[in-house]
Amino acid sequence: MSKIKLHNSKARRKELFEPIDPSNVRMYLCGPTVYDRAHLGNARNVIVFDVLYRFFREIYGEHNVKYVRNFTDIDDKINQRAKDLGKEIKLITDETIAWYLEDMELLGNLLPNEMPRATNYVAEMIIMIEDLIKSGHAYEAEGHVLFSVASYKDYGALSGRSIEDMIAGARVEIAPYKANPLDFVLWKPSSDDLPGWESPWGRGRPGWHLECSAMSHDLLGDTFDIHGGGNDLIFPHHENEIAQSKCCFPSGGFANFWLHNEMLQVDGKKMSKSLGNYFTVRDLIEKGFPGEVIRFVFLSTHYRKPMDWTELKANQADSTLKRWYDMCSNLEEDLKPSAEAIEVLSDDLNTPAVIALLHKHFQSKNFAQLKADANLIGLMTPEFKDWAFDFDLSKYEEALMEVRSEAMITKNFDHLDDLKDKLSKAGVEIQMSTDTVKLVPTLKLDLAKLESIL
RNA sequence: GGCGGGUUGGCGGAGUGGUGACGCAGCGGAUUGCAAAUCCGUGUACAGGAGUUCGAUUCUCCUACCCGCCUCCA
């Protein structure tokens, strides 16, 4: 079995990955806060983790990997959203979760084994907070419960910061009830118009992202293999998560590996809601970009490098995939992934190298292997359902064939050239040999123009 | 200010202490009524400087520029 190396944020370098238990490999991905459509950046770590999940299933066996991804459905942004729209919170979160699952499925992602929701873990969170207070890692102040950062000596280890530095450079307004400026809120009081749960500290709600600690512990145990998310979560989100989990479950090691993906960018700047430079997965789908094309573009860049979404990349991905599908659609052989594909993927999920390998398979006409290796990273899988062929252009093909036969006899090519020009302008690629005609739709297909031709 | 990451040919994008991936575009050829598609062939790169080394794009240091986190953010 090939050695798997993964970049561990905790160590800041690639490390040899060995599962705690090869018959139960456990991974956790920080899922979305559900108040709005997922933007394209949100899809990146889902795709990265999906590749990791598929890869692990291949290496360790389909039933020996457990993948958990949560939904955070308690959050002040959700509360605000509900207020703005005048809708019930539950309706918003349910709807957003349904959208999210639809969008992620369109990108060819498998469902995780578990998708817990924060609202189902409030009792566990309250117990954790009580334990943290008992062990001196948290304290109550003015109806809030705060985690005491000073009580955890390794606070800052993941993000490489010291408590002193952070205080010195702090730009945060410090609440008066905090013993230390960096202490973070585990529980906060809710007014009557806000969602709340009864607790030893009165009616309130979780303050920080305690749910990830509660859910990962419940579903994966107090030590598991991999925890991941976008690199913007390293601080404070994951730093806090480590602190509260390690202090609450001191016998456990929490996550052995931390995987963080780089940000998706727009014109060199991080795509984010606060900058407003985002578009959603749904926007792209509605503009006609197939999910598989989007996935291909994502996998063309290594997950730890920033990447820009561009239509140029999408168009290239589209034509590449169509060329591949053309040769791979009716294969009888069903191969295993190649040793070479496994090897490059073993080196910190080098998906661009896998894609380069796919091109080589295509060059050498090794189509069965091309498909098998593509499947390994979730491309050309049955879920994508032949989008590359689902548009019928046969009546245009017949018309073109007829006009051409005629032109070949009369030697007057005006009509034929005109037809070809129109098809091309409608976004159709024309492929002709001496006796065949084939039309292939591109992403620039313009239905109005196409229909006006015949 | 603190911490982390990046800078590879026209574009995208891997990787390596010594024989310069891969894709797209380009160029030449085959093919074609002409094109396209296809096939064959082909050129160009490692931000700048210093150091280590027989040899550096790859290691070390410095400089420049870019990006992220430190506030909700994947």
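Each chain gets a letter, A, B and so on, in the order the sequences are listed, and its residues count up from 1. This structure is a prediction, so every number in the text was calculated from the model and none was measured.
At B/A74, one or more side-chain N or O atoms of A/N42 fall inside 4.0 Å of OP1 or OP2 (strictly under the cut-off). The phosphate of B/C72 (OP1 or OP2) has no side-chain N or O of A/R81 nearer than 4.0 angstrom. In this model, the phosphate group of B/C24 is not approached by any side-chain N or O of A/N315 to a distance below 4.0 Å at OP1 or OP2. Note on A/R12: every side-chain N or O is 4.0 Å or more away from OP1 and OP2 of B/G5. Phosphate contact (OP1/OP2 of B/G23, side-chain N/O of A/T320, threshold under 4.0 Å): absent. Within the 4.0 Å cut-off from OP1 or OP2 of B/U38, not a single side-chain nitrogen or oxygen of A/K438 is found. Neither OP1 nor OP2 of B/C11 sits under 4.0 Å from any side-chain N or O of A/K313. Dashed line: the shortest gap from a side-chain N or O of A/K270 to OP1 or OP2 of B/C69 is under 4.0 Å. Applying the 4.0 Å criterion to OP1 and OP2 of B/C73, one finds that A/H209 has a side-chain N or O inside that range.
Side chain A/D417 to base B/G33: a donor-acceptor pair is found below 3.5 Å. For B/C67, the base has no donor-acceptor partner in the side chain of A/K269 [N/O atoms by modelled type, under 3.5 angstrom]. In terms of polar N and O atoms assigned as donor or acceptor, the side chain of A/K77 never comes within less than 3.5 Å of the base of B/C73 in a complementary pairing.
In this structure, CG of A/L423 is placed 15 Å from P of B/A37, rounded to the nearest angstrom. If you measure from atom CG of A/N261 to atom P of B/C69, you get 13 Å, rounded to the nearest angstrom. Going from atom CG of A/D421 over to atom P of B/G33 covers 19 Å, rounded to whole Å. At whole-Å resolution of the value, OH in A/Y278 and C1' in B/C72 are 13 Å apart. Between A/D232 atom CG and B/C67 atom P there is a gap of 17 Å when expressed in whole angstrom units. A/M401 places its CE atom 12 Å from the P atom of B/G33, with the value rounded to the nearest Å. Distance NE2 (A/H359) to P (B/A25): 11 Å, rounded to an integer number of Å. A straight line from CG of A/D435 to P of B/G33 spans 11 Å, rounded to a whole angstrom.
No donor-acceptor distance shorter than 3.5 angstrom exists from the side chain of A/K270 to the backbone of A/M263, with no hydrogens or angles considered.
Counting any heavy atom pair closer than 4.0 Å across all strands shown, A/L264 reaches a base atom. Heavy atoms of A/G160 sit under 4.0 angstrom from primed sugar atoms or phosphate atoms, though from no base atom. Within 4.0 Å of A/L357, counting heavy atoms only, lies no atom of the nucleic acid at all. Within the 4.0 angstrom heavy-atom criterion, only backbone atoms of the sugar-phosphate kind lie near A/P352; the bases stay farther away. If you check every strand for non-hydrogen atoms under 4.0 Å, A/Q265 touches sugar and phosphate atoms only. Backbone-only engagement by A/H302 is indicated by non-hydrogen atom pairs under 4.0 Å involving sugar-phosphate atoms exclusively. At a threshold of 4.0 angstrom between heavy atoms, the contacts of A/F413 include nucleobase atoms, whether or not backbone atoms are also involved. Nucleic acid contact class of A/S272 (heavy atoms, under 4.0 Å, all strands): base.
For the pair A/E15 and A/R13, the salt-bridge criterion is met [side-chain N within less than 4.0 Å of a carboxylate O]. The pair A/K14-A/D347 counts as a salt bridge, with a side-chain nitrogen and a carboxylate oxygen less than 4.0 angstrom apart. No salt bridge links A/K90 with A/D73; every basic N to acidic carboxylate O contact stays at or beyond 4.0 Å.
In this entry B/A25 has no Watson-Crick or G-U wobble partner, no candidate having both defining distances under 3.5 Å. The pairing partner recorded for B/G17 is none, the criterion being a Watson-Crick or G-U wobble arrangement whose two distances lie under 3.5 angstrom. The partner of B/A30 is B/U38, judged by Watson-Crick or G-U wobble contacts that both fall below 3.5 Å. Applying the Watson-Crick and G-U wobble criteria (two distances, each under 3.5 Å), B/A64 pairs with B/U7. Under the Watson-Crick or G-U wobble criterion, with both distances below 3.5 Å, B/C69 is paired with B/G2.
Of the listed nucleotides (B/C72, B/A74, B/C40), B/C40 has the atom at the smallest distance from the side chain of A/Q363. Side chain of A/R161, nearest nucleotide from B/G2, B/A35, B/G13: B/G2. Each of B/C73, B/G33, B/C39 was ranked by its minimum atom distance to the side chain of A/F362; first place goes to B/C39. Relative to the side chain of A/Q431, the nucleotides B/A37, B/A74, B/A14 differ in distance, and B/A37 lies closest. When distances are taken from the side chain of A/A356 to each of B/A35, B/A21, B/G13, the shortest belongs to B/A21. Nearest nucleotide to the side chain of A/W208, out of B/A14, B/C72, B/A74: B/C72.
The ring-ring contact (aromatic ring centres under 6.0 Å, His included) test with A/F257 singles out one residue from A/F17, A/F56, A/F224, and that residue is A/F17.
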Would you check, one step at a time, whether the test side-chain hydrogen bond (donor to acceptor under 3.5 Å, both in side chains) holds for A/N375 with A/T381?
-> CA-CA 6 Å; A/N375 286 174; A/T381 53; 5.6 Å; no
Check the pair A/R69, A/E114 against salt bridge (charged side-chain N to carboxylate O under 4.0 Å, His left out), reporting the backbone distance first and the verdict last.
-> CA-CA 6 Å; A/R69 182 183 68 211; A/E114 302 273 359; over 6 Å; no
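A/C30 and A/H238 get closest at one heavy-atom pair: SG-NE2, 3.3 Å.
When the P atom is compared between B/A30 and B/A36, the two are found 13 Å apart, to the nearest whole Å.
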